[in-house]
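Below is one structure, written out as structure tokens; comments come after it.
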There are 2 protein chains.
Amino acid sequence: MMVKLIKTYINPTLSEALEIISKAVSSKELTIIVGECSVDYQGRSESRLTLGERVIIIKQDGAFLVHRPTGYSPVNWQPATSIIETRLDKDKLIIMAVRRKPRETIWVYLTRIYTIITGKLVDNGEFIMYMDEHEIRDILYEHPELIEEGLKIIEKEKKIGEGYADLFGIDARNTPVIIEIKRVTATREAMLQLYNYVQTYQKQTGVKPRGILVAPTITSSAIESAYKLGLEWKEINLQKIWKYRKNKNIKHGTLFDFLKNKR
Amino acid sequence: MMVKLIKTYINPTLSEALEIISKAVSSKELTIIVGECSVDYQGRSESRLTLGERVIIIKQDGAFLVHRPTGYSPVNWQPATSIIETRLDKDKLIIMAVRRKPRETIWVYLTRIYTIITGKLVDNGEFIMYMDEHEIRDILYEHPELIEEGLKIIEKEKKIGEGYADLFGIDARNTPVIIEIKRVTATREAMLQLYNYVQTYQKQTGVKPRGILVAPTITSSAIESAYKLGLEWKEINLQKIWKYRKNKNIKHGTLFDFLKNKR
DNA sequence: TATTATATCTCGGGT
DNA sequence: ACCCGAGGTATAATA
């Protein structure tokens with residue numbers, strides 16, 4: 001049986017680290033470095049980060065992350081890199097990571113290294129996300145009565161101009177209806193997005209459609225915008241929507257509780 | 001002299017790991033775990049991730065990240081957590097991380113652990129970002145002639161309705177001008193944002209202002225929108241803007257080169 | 001490749 | 001606490 005090879009190096013010298021890291025990177029291993037460094041970035045913007053202790057992760061596809069000891073976001077990063085070069089310069093181990101498009105570069109100047117982990121991770125796990133906007137849209141497609149009695153949906157993802165309206169249908173009086181769905185609180189921005197569809201549709205067909213923004217909650221200024229732009233909105237209960245989902249065989253107890261507690 | 005205490009544990013048993021992790025978390029140390037796990041998430045949405053090898057990072061403020069071996073984004077995360085609980089259940093080490101607002105929970109089920117790193121990282125480094133939208137706005141505030149000859153800027157971040165216009169001024173003919181700035185390619189969305197300000201301003205004052213979208217590049221459908229909405233746009237050269245910056249003492253050689261190569 | 005819209009967006013700033 | 005907008009947003013889908 002193959003033994004998993006995850007290697008750990010404690011307090012390596014910078015020249016030892018140079019060899020470890022360059023070897024790991026060239027064989028596309030995941031590399032984690034805990035140490036003290038400063039970081040420069042230049043590309044779409046430019047940044048400087050002075051000395052401090054951080055975690056650097058170089059992933060198997062070249063994704064590059066520099067994490068400070070707090071917070072969700074990396075302080076510097078590259079989503080993917082084509083070139084990763086390492087070299088020693090005096091008392092610093094320099095890692096340069098270059099992204100092709102857009103052309104961007106990170107330089108990490110390591111002054112001290114506490115730990116390095118290298119190894120090939122195998123992850124064939126399946127990731128499934130539930131209750132995203134797509135799923136809500138599909139449920140409302142099947143159950144338009146949740147938006148308005150008498151509403152008939154004709155099309156999902158209807159192309160209007162350059163964009164796509166979430167749902168398109170006709171109401172009880174045969175007026176076309178364009179529907180924009182948000183799974184989180186809808187802001188003025190969502191109302192403007194809907195307005196764009198309504199306006200483009202009218203321009204293209206000569207018929208003025210209704211525009212309905214559907215969301216669990218809507219900000220007051222979005223409602224104000226709706227009045228100004230001649231749009232409508234409908235607050236929906238996610239818990240109710242959730243009950244109409246197709247894959248009822250899947251257990252979602254806690255999400256249900258979560259939604260219940262919100263309402 | 002205080003010796004830096006970064007601890008590394010190799011191939012711990014799950015019960016050893018339980019103790020290591022719970023101790024590290026309770027003393028607010030940074031914790032990195034490399035191992036095999038599955039992950040559930042429930043909160044604003046819900047997800048399942050089946051077994052695979054991953055890197056788990058618990059930061060000193062409770063930020064919680066589960067990273068797969070590739071890609072920029074964590075597959076599961078919490079920006080900050082108030083409760084982190086660990087326990088053994090049969091042959092699994094379970095880490096539960098709860099966020100208060102919104103109420104969200106992650107469960108990590110570890111089946112094998114290769115390495116754990118724990119320790120308090122000290123990072124007082126200063127992070128400076130150059131050439132963000134704020135800096136561009138400030139330069140254009142000082143040099144409105146870069147947008148249009150005869151333009152006078154009256155106000156930065158002028159509140160119009162519930163939002164804020166980047167710049168507000170009057171042109172050579174004393175017509176009010178609302179300016180929206182983008183540091184990247186401006187889309188239809190930016191044009192709609194500007195339209196909202198223009199419309200709100202007109203509603204509030206009775207005076208129809210000009211609206212100018214300022215960006216390095218503008219998509220064709222944004223230009224189309226401009227025609228429809230009666231707005232204007234001005235493409236600006238970031239390299240040129242860059243020359244007007246105040247802190248010229250700072251070296252920015254490569255960004256300059258970057259911008260030069262783009263134009 | 002460019003464009004569009006979503007995201008468990010995160011984060012900071014303002015009211 | 002809500003709201004608003006930027007972000008080196010990243011990412012997926014689509015023309």
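Place A:A186 and B:V184 on DNA chain D by their nearest nucleotides, and A:A186 ends up nearer the 5' end. For the pair B:K182 and A:S220, both in contact range of DNA chain D, the more 5′-proximal nearest nucleotide belongs to A:S220. Residues A:E162 and B:S47 each lie close to DNA chain C; by heavy-atom proximity, the contact nearer the 5' end of the strand is made by A:E162. When each of A:E133 and A:K101 is assigned the nucleotide of DNA chain C bearing its nearest heavy atom, the one mapping closer to the 5' terminus is A:K101.
The phosphate of C:dA2 has neither OP1 nor OP2 within less than 4.0 Å of any side-chain N or O from B:T219. Contact annotation: A:R137 does not reach the phosphate of C:dA5 (side-chain N/O to OP1 or OP2, under 4.0 Å). Put simply, A:R44 has no side-chain N or O that comes within less than 4.0 Å of OP1 or OP2 on D:dG7. Contact annotation: B:Q193 reaches the phosphate of D:dA6 (side-chain N/O to OP1 or OP2, under 4.0 Å). When the side-chain nitrogen and oxygen atoms of A:R103 are compared with OP1 and OP2 of D:dG8, none of them lie within a distance under 4.0 Å. Contact annotation: A:R48 side-chain N/O to D:dG8 OP1/OP2 distance is not under 4.0 Å. One finds a side-chain N or O of B:R183 lying less than 4.0 angstrom from the OP1 or OP2 phosphate oxygen of D:dT9. Using a 4.0 Å cut-off, no side-chain N or O of A:W77 falls inside it from OP1 or OP2 of D:dT9.
Side-chain proximity of B:I106 to D:dG8, C:dT8, D:dC3: nearest is C:dT8. In this structure, of D:dG8, C:dC11, D:dA6, it is C:dC11 that holds the atom nearest to the side chain of A:S73.
Taking atom CG on B:D40 and atom C1' on C:dT8, their separation rounds to 14 Å, with Å as the unit. The CD1-P distance, from A:I136 to C:dA5, rounds to 18 Å in whole Å. Between the NE2 atom of A:H67 and the P atom of C:dC11 there is a distance of 10 Å, given to the nearest Å. Separating the CE atom of B:M191 from the P atom of C:dT4 is a distance of 11 Å, rounded to the nearest angstrom. Regarding A:D138, its CG atom lies at a distance of 14 Å from the P atom of C:dT6, rounded to whole Å. In this structure, B:E135 atom CD and D:dG7 atom C1' are separated by 15 Å, rounded to whole Å. Computed from coordinates, the B:I160 CD1 to D:dC3 C1' distance equals 17 Å when rounded to whole Å. One atom, CG of B:L167, and another, P of D:dG5, lie 15 Å apart when rounded to the nearest Å.
When only modelled atom types and interatomic distance are considered, B:T219 and B:T187 share no side-chain donor-acceptor pair under 3.5 Å.
In this structure, B:P216 and B:V184 approach most closely via the heavy-atom pair CD-O, 3.9 Å. Closest approach of B:I241 to B:M131, counting heavy atoms only: CG2-CE, 4.2 Å. Listed here is the closest heavy atom pair of B:L51 and A:D123: O-OD1, 4.3 Å.
The base of D:dG8 lies close enough to the side chain of A:Q78 for a donor and an acceptor atom to sit less than 3.5 Å apart. Put simply, the side chain of B:D132 and the base of D:dG8 share no donor and acceptor less than 3.5 Å apart.
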Verdict with supporting geometry, A:D40 and A:S47, side chain to side chain donor-acceptor pair (under 3.5 Å) | CA-CA 6 Å; A:D40 287 351; A:S47 71; over 6 Å; no

Polar pairs (N or O, both sides) under 3.5 Å between protein and nucleotides 12-15 of chain D?
{"residue": "D:dT14", "atom": "O3'", "partner": "A:Y164", "partner atom": "OH", "Å": "3.0"}

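Among the atoms of the strands shown, base atoms are found under 4.0 Å from some heavy atom of A:R99. Within the nucleic acid shown, B:Y197 comes within 4.0 Å of sugar-phosphate atoms alone, with no base atom in reach, counting heavy atoms only. Among the protein residues, B:F64 comes within range of no part of the nucleic acid, since none of its heavy atoms lies under 4.0 Å from any strand.
Taking the six-membered ring for Trp and thresholds of 30 and 60 degrees, A:Y195 and B:Y195 have nearly parallel ring planes, at less than 30 degrees apart. Between A:Y244 and A:H143, the ring-plane angle classifies as tilted under the 30° and 60° cut-offs.
Here the separation of C:dT6 from C:dT10, taken at their C1' atoms, is 14 Å to the nearest Å.
With B:Y41 contributing its side chain and B:R44 its backbone, the two residues share a donor-acceptor pair below 3.5 Å.
A distance cut-off of 5.5 Å between ring centres, combined with a plane angle under 30°, leaves A:Y72 outside any stacking arrangement with the base of C:dT10. With its ring centre under 5.5 Å from that of the base six-membered ring and a plane angle below 30°, A:Y41 counts as stacked on D:dG8.
In summary, A:K159 and A:E157 do not engage in a salt bridge, as defined by a charged side-chain N under 4.0 Å from a carboxylate O.
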